[in-house]
A.B. asks: 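The structure follows.
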Amino acid sequence: MQNFKEKLIFTNQEIVTDDIESMYVGIEYLGVGLDSFNPLSQQKRLKFKDLAGLSFIVVQDIGPWRQVVEDNIPDASFLYQENLSAMSKISEYSNFPFFFSNLSQEAPTTINRFGKGNRNALQIDDPQNKMVFYGTYLKRERPVVQPILKEIVKDWPK
């Protein structure tokens, strides 16, 4: 059911109907924070399969990324946390690997999760590690929404 209440939503699929359109805004990809004593942490880039068998601390609400990591990291355990503050503390004081994205890598909570230099940030260079995002809005809102989306595109983290 469409109630046309929201002016802008972000989706990982382009939506085009008689009343709705989408504008490409950017790509999100995941990185992983690994304990500096983990042999994998010395590499620059990893594939999802390289992370097989590890136990990760993960925020509960990661949207479509949940299926991506569960499908592409064999024999992994995912310790989902509902409370972001608790997850950050667990990450800071444990050696569980965790995910971050190009959208969250500069956030203070992500930076704090790396603790006192005991973690390395690694890129996941994998074909499955890519989520395209669109700003989706009512066509009648285009004059208001598109300038905002153009600013978002300009500042989208690489």
Side-chain angles (χ1 to χ4, degrees), residues 5-16 20-36 38 40-41 43-51 54-73 76 78-138 141-142 144-158:
K5 183 177 156 188
E6 307 302 330
K7 295 215 182 282
L8 171 64
I9 62 169
F10 291 94
T11 61
N12 63 344
Q13 297 177 17
E14 185 174 22
I15 300 171
V16 179
I20 299 171
E21 66 185 9
S22 296
M23 180 177 150
Y24 170 86
V25 291
I27 297 173
E28 182 178 28
Y29 57 88
L30 296 180
V32 64
L34 289 178
D35 184 280
S36 58
N38 184 317
L40 294 173
S41 74
Q43 299 181 32
K44 294 282 187 212
R45 299 174 192 274
L46 301 168
K47 302 271 186 217
F48 279 127
K49 68 180 181 180
D50 296 328
L51 301 169
L54 296 178
S55 295
F56 296 86
I57 186 132
V58 185
V59 66
Q60 179 73 34
D61 188 16
I62 61 171
W65 283 114
R66 184 176 188 146
Q67 199 65 51
V68 172
V69 297
E70 288 180 358
D71 288 351
N72 290 286
I73 305 176
F78 300 98
L79 309 169
Y80 290 103
Q81 299 294 306
E82 208 170 299
N83 183 305
L84 187 57
S85 176
M87 188 191 72
S88 293
K89 284 293 181 196
I90 293 168
S91 295
E92 191 176 346
Y93 294 107
S94 73
N95 64 355
F96 287 115
F98 61 85
F99 299 107
F100 61 92
S101 84
N102 56 316
L103 302 180
S104 67
Q105 65 190 1
E106 299 298 324
T109 53
T110 301
I111 292 167
N112 288 342
R113 291 174 75 195
F114 280 92
K116 299 171 181 38
N118 59 345
R119 304 274 184 153
N120 292 337
L122 287 91
Q123 292 181 1
I124 300 172
D125 186 14
D126 196 287
Q128 306 304 319
N129 188 23
K130 177 181 179 179
M131 189 86 48
V132 177
F133 278 90
Y134 300 88
T136 301
Y137 51 91
L138 294 170
E141 299 291 342
R142 183 184 300 142
V144 173
V145 173
Q146 274 199 349
I148 296 166
L149 288 174
K150 286 178 183 176
E151 287 299 312
I152 291 170
V153 169
K154 190 169 69 173
D155 293 333
W156 192 267
K158 302 298 177 216

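Scope of the values below: all heavy atoms of this structure, side chains included, with no hydrogens, waters or symmetry mates.
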A.B. asks: Mind checking the CD-CE spacing from Gln60 to Met87? Nearest 0.5 Å is all I need.
C.D. replies: 11.0 Å

A.B. asks: Considering only heavy atoms from C-beta outward, does the side chain of Met23 approach that of Lys150 to under 4.5 Å?
C.D. replies: yes

A.B. asks: Is there a side-chain contact between Gln81 and Lys89 in this structure, where contact means two heavy atoms from C-beta onward sitting under 4.5 Å apart?
C.D. replies: no

A.B. asks: Can you say whether the rings of Phe133 and Trp156 are parallel (under 30°), tilted (30 to 60°) or perpendicular (over 60°)?
C.D. replies: tilted

A.B. asks: Would you compute the distance between atom CD1 of Ile148 and atom NZ of Lys7 and round it to the nearest 0.5 angstrom?
C.D. replies: 10.0 Å

A.B. asks: Apply the side chain to side chain contact (heavy atoms under 4.5 Å, CB included) test between Gln128 and each candidate in Asn72, Val69, Ile73; give the one that qualifies.
C.D. replies: Asn72

A.B. asks: Locate the shortest heavy-atom distance separating Pro97 from Val32; write the atom from each residue and the value.
C.D. replies: CB-CG2, 4.2 Å

A.B. asks: Please tell me if the side chains of Asp71 and Phe48 come closer than 4.5 Å, counting only heavy atoms from C-beta onward.
C.D. replies: no

A.B. asks: Restricting to non-hydrogen atoms, name the atom on Ser41 and the atom on Ser36 that form the minimum distance, rounded to 0.1 Å.
C.D. replies: OG-O, 3.1 Å

A.B. asks: Check for a donor-acceptor pair, side chain of Lys47 on one end and backbone N or O of Asp125 on the other, with a separation under 3.5 Å.
C.D. replies: yes

A.B. asks: Roughly how far apart are Tyr134 OH and Thr11 OG1, rounded to 0.5 Å?
C.D. replies: 8.0 Å

A.B. asks: Please say whether more than 12 non-hydrogen atoms of neighbouring residues, nucleotides or ligands are located less than 6.0 Å from CG in Asp61.
C.D. replies: no

A.B. asks: Here's a test for you: under side chain to side chain contact (heavy atoms under 4.5 Å, CB included), which of Ile57, Val58, Val68 qualifies with Phe99?
C.D. replies: Val58

A.B. asks: Which atoms form the tightest heavy-atom contact between Ala76 and Phe56, and what is the distance?
C.D. replies: CB-CE1, 4.0 Å

A.B. asks: Should Phe10 and Leu149 count as side-chain neighbours, where that means a heavy-atom distance under 4.5 Å?
C.D. replies: yes

A.B. asks: Is there a side-chain contact between Asn38 and Leu54, using heavy atoms and a 4.5 Å cut-off?
C.D. replies: yes

A.B. asks: Roughly how far, to the nearest 0.5 Å, is the OH atom of Tyr137 from the OG atom of Ser22?
C.D. replies: 7.5 Å

A.B. asks: Which atom names give the shortest non-hydrogen contact between Leu40 and Asp50, and what distance separates them?
C.D. replies: CD1-O, 3.3 Å

A.B. asks: So, do Glu106 and Pro157 sit near enough that their side-chain heavy atoms are less than 4.5 Å apart?
C.D. replies: no

A.B. asks: Is the backbone of Ile124 close enough, under 3.5 Å, to the side chain of Asn129 for a donor and an acceptor to pair up by distance?
C.D. replies: yes

A.B. asks: Side chains of Leu34 and Leu46: closer than 4.5 Å at any heavy-atom pair?
C.D. replies: yes

A.B. asks: Specify the closest pair of heavy atoms between Leu30 and Ser101, including all atoms of both residues, with the distance to one decimal.
C.D. replies: CD2-CB, 4.1 Å

A.B. asks: Please tell me if the side chains of Lys158 and Asn102 come closer than 4.5 Å, counting only heavy atoms from C-beta onward.
C.D. replies: no

A.B. asks: Can a side-chain donor-acceptor contact be found between Tyr29 and Gln123 if the only test is distance below 3.5 angstrom?
C.D. replies: no

A.B. asks: OG1/Thr136 to CG/Asn12 distance, rounded to the nearest 0.5 angstrom?
C.D. replies: 9.5 Å

A.B. asks: Taking the six-membered ring of Phe98 as reference, does the NZ or CZ atom of Arg119 fall below 6.0 Å from its centre and within a 45° cone about the axis?
C.D. replies: no

A.B. asks: Between Ala121 and Phe100, which heavy-atom pair has the shortest distance, and what is it?
C.D. replies: CB-CZ, 3.8 Å

A.B. asks: So how far is it from Tyr93 OH to Asn118 CG, rounded to the nearest 0.5 Å?
C.D. replies: 10.5 Å

